[in-house]
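Here the structure comes first, spelled out in structure tokens, and everything after it is commentary.
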Protein chains: 2
Amino acid sequence: MLRMSKLTDYGTVIMAYMARRPRDVHSVAELAAVLGMAAPTTSKILKRLARHELVQSSRGAKGGYRLARPPEAISLADVIDAMEGPFGLTECSAVAGLCLQEAGCPLRDNWQRVNQVIRRTLDGVTLAEMSRPALRPAAQGAVAAPQT
Amino acid sequence: MLRMSKLTDYGTVIMAYMARRPRDVHSVAELAAVLGMAAPTTSKILKRLARHELVQSSRGAKGGYRLARPPEAISLADVIDAMEGPFGLTECSAVAGLCLQEAGCPLRDNWQRVNQVIRRTLDGVTLAEMSRPALRPAAQGAVAAPQT
DNA sequence: ACATATAGGACCGAGGGGGTCCGATATCGT
DNA sequence: ACGATATCGGACCCCCTCGGTCCTATATGT
């Protein structure tokens, strides 16, 4: 359930890999080879990430992609937002007046809250943490207590 | 992003509606009419929910569906699990050894943790809460601090 | 200049989601 | 006992999006 698309998954893999050498420029060929994915697909993902300014592209020889920001400043939510549309667990919570015509759907507000909790969770996990072998206790705390 | 299927959304709407009269038997026709969805679709959803024992079905005249458990004992995660496959944000975190061949993908463990946090969130919200106009502060606390 | 690399888009096949319909079966009411 | 009412279980279908490929234009380094 709640599965995100495979491209998004790949996106996080690519980003996490690049996060290990934040200043380096990586070509599509390199990333595809190292991460074991098809080059065109890799390219497609990078393009999307670039359009949302999560990576910077440089064209021409010796060109490639580089993280636009330090890994600590890029969250899972950033990557997911870039790869898939904007946030929203339910269709109903995005488009009003669909499910219950006049009953004033009480679900909507509740879904919004749930959404926000999940979003905060995803927002609290950075690429720096994801690229490390395991979420440290401190980071885990940040994940488990996203409340303001 | 992370959008769950429309059928799942409808499923929560149906369940939340039934939660307001937990002991009543509701026919497909009634639910479809009140909630404004097509009858066959409503039926399909109920069947799925019944197969996962979230609702009880009674056939024949005056038959219909009824919650299998009190609304306080049914969580959003239950409904989502019944409607969509079992949990899992990523493909990679379900099937091992896909993304990084030998690097021992550090993402996997981290994704697992994130998954668990989200699951606990969804687990902490009951139908009783969802059917009420808004998540009360107490429930909200339960949502925001799902950590053990 | 030439090789290298990304940008941007067209294109396409497969799969699953959303939705409909039908025959079988079980129960209530008369 | 008979008929009306409902769910059950499955088959069936359309269509859209995802995952993936390829081609041309453009920009950069040697």
Side-chain angles (χ1 to χ4, degrees), chain A residues 1-14 18 24-33 35-68 80 82-85 90-92 95 98-99, chain B residues 1-14 18 24-33 35-68 80 82-85 90-92 95 98-99:
Chain A
M1 63 130 291
L2 283 188
R3 194 161 293 104
M4 55 191 204
S5 82
K6 205 184 294 185
L7 282 196
T8 306
D9 191 352
Y10 289 170
T12 63
V13 173
I14 294 175
M18 289 174 51
D24 286 18
V25 172
H26 306 269
S27 73
V28 167
E30 173 207 344
L31 292 170
L35 302 177
M37 36 183 92
T41 300
T42 308
S43 168
K44 184 180 216 169
I45 295 170
L46 267 313
K47 284 177 205 170
R48 265 192 230 182
L49 294 172
R51 206 169 313 138
H52 288 261
E53 296 172 336
L54 293 184
V55 296
Q56 279 181 346
S57 67
S58 47
R59 300 167 73 158
K62 302 208 107 184
Y65 292 91
R66 192 182 51 202
L67 289 188
I80 297 177
M83 293 302 299
E84 324 205 352
T90 66
E91 193 81 15
C92 154
V95 186
L98 272 185
C99 41
Chain B
M1 62 132 289
L2 284 188
R3 194 160 294 105
M4 55 190 203
S5 83
K6 205 184 292 184
L7 282 195
T8 306
D9 191 353
Y10 288 170
T12 64
V13 173
I14 293 175
M18 288 174 49
D24 285 18
V25 172
H26 306 269
S27 72
V28 167
E30 173 206 346
L31 292 170
L35 302 178
M37 36 184 91
T41 301
T42 308
S43 169
K44 182 182 218 170
I45 295 171
L46 268 315
K47 285 178 206 169
R48 266 193 229 181
L49 295 172
R51 206 169 312 139
H52 289 261
E53 298 173 333
L54 293 184
V55 296
Q56 278 182 345
S57 67
S58 47
R59 300 168 71 161
K62 304 206 105 185
Y65 293 91
R66 192 181 52 202
L67 288 189
I80 297 178
M83 294 303 297
E84 325 206 351
T90 66
E91 193 81 15
C92 154
V95 186
L98 272 186
C99 42

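Quick caveat, the model's predicted, so the values are computed rather than measured. Below, read A as the first sequence line, B as the second, and so on, with proteins coming before strands; counting in each chain starts at 1.
Residue B:R66 contributes atom CZ, which lies 14 Å from atom P of C:dT27 at whole-angstrom precision. Rounded to whole angstrom, the span from the NZ atom of A:K47 across to the P atom of D:dC23 amounts to 13 Å. When the P atom of D:dT7 is taken as reference, atom CD1 of B:I45 falls 14 Å away, rounded to whole Å. Rounded to an integer number of Å, the gap from CG of B:D24 to C1' of D:dA6 is 17 Å. For the pair B:H52 NE2 and D:dG9 P, the interatomic distance rounds to 12 Å; values are reported in whole Å. Rounded to whole angstrom, the span from the CE atom of A:M37 across to the P atom of D:dT21 amounts to 12 Å. One interatomic measurement links the two molecules: CE of B:M83 to C1' of C:dG19, which rounds to 13 Å at whole-angstrom precision. Whole-Å rounding puts the B:D9 CG to C:dG17 C1' distance at 14 Å.
Using modelled atom types, no side-chain atom of B:S43 and backbone atom of B:A39 make a donor-acceptor pair closer than 3.5 Å.
To the nearest 0.5 Å, atom NZ of residue B:K62 and atom OG of residue B:S27 are 11.0 Å apart. Taken to the nearest 0.5 Å, the OG1 atom of B:T12 stands 10.0 Å off from the CG atom of B:L49. The line from CE of B:M83 to NZ of B:K6 is 13.0 Å long, rounded to the nearest 0.5 Å. With rounding to the nearest 0.5 angstrom, the CE atom of B:M37 is 5.5 Å from the OG1 atom of B:T42. Atoms CG and CZ, from A:L7 and A:R48 in turn, are 5.5 Å apart once rounded to the nearest 0.5 Å.
Closest to the side chain of A:L7, out of D:dG20, C:dG18, C:dT20, is D:dG20. Which of D:dG20, C:dG19, D:dT21 sits closest to the side chain of A:K44 comes down to D:dG20. Each of D:dT7, D:dG20, C:dT20 was ranked by its minimum atom distance to the side chain of B:S57; first place goes to D:dT7. Closest approach to the A:R51 side chain among C:dT20, C:dG8, D:dG20 is made by C:dG8 (side chain taken as heavy atoms from C-beta onward).
Under 4.0 angstrom from either OP1 or OP2 of D:dG19 there lies at least one side-chain N or O belonging to A:S5.
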Under-3.5 Å N/O pairs linking protein and nucleotides 1-5 of chain C:
unit_1: C:dT4; atom_1: O2; unit_2: A:A61; atom_2: N; d: 3.2
unit_1: C:dA5; atom_1: O4'; unit_2: A:G60; atom_2: O; d: 2.9

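Residue A:A50 is the one, among B:A39 and A:A50, whose nearest nucleotide of DNA chain C lies closer to the 5' end (criterion: closest heavy atom).
In summary, of the residues considered (A:V55, A:I45, A:D9), a side-chain contact (heavy atoms from CB on, under 4.5 Å) with A:I14 occurs for A:I45 alone.
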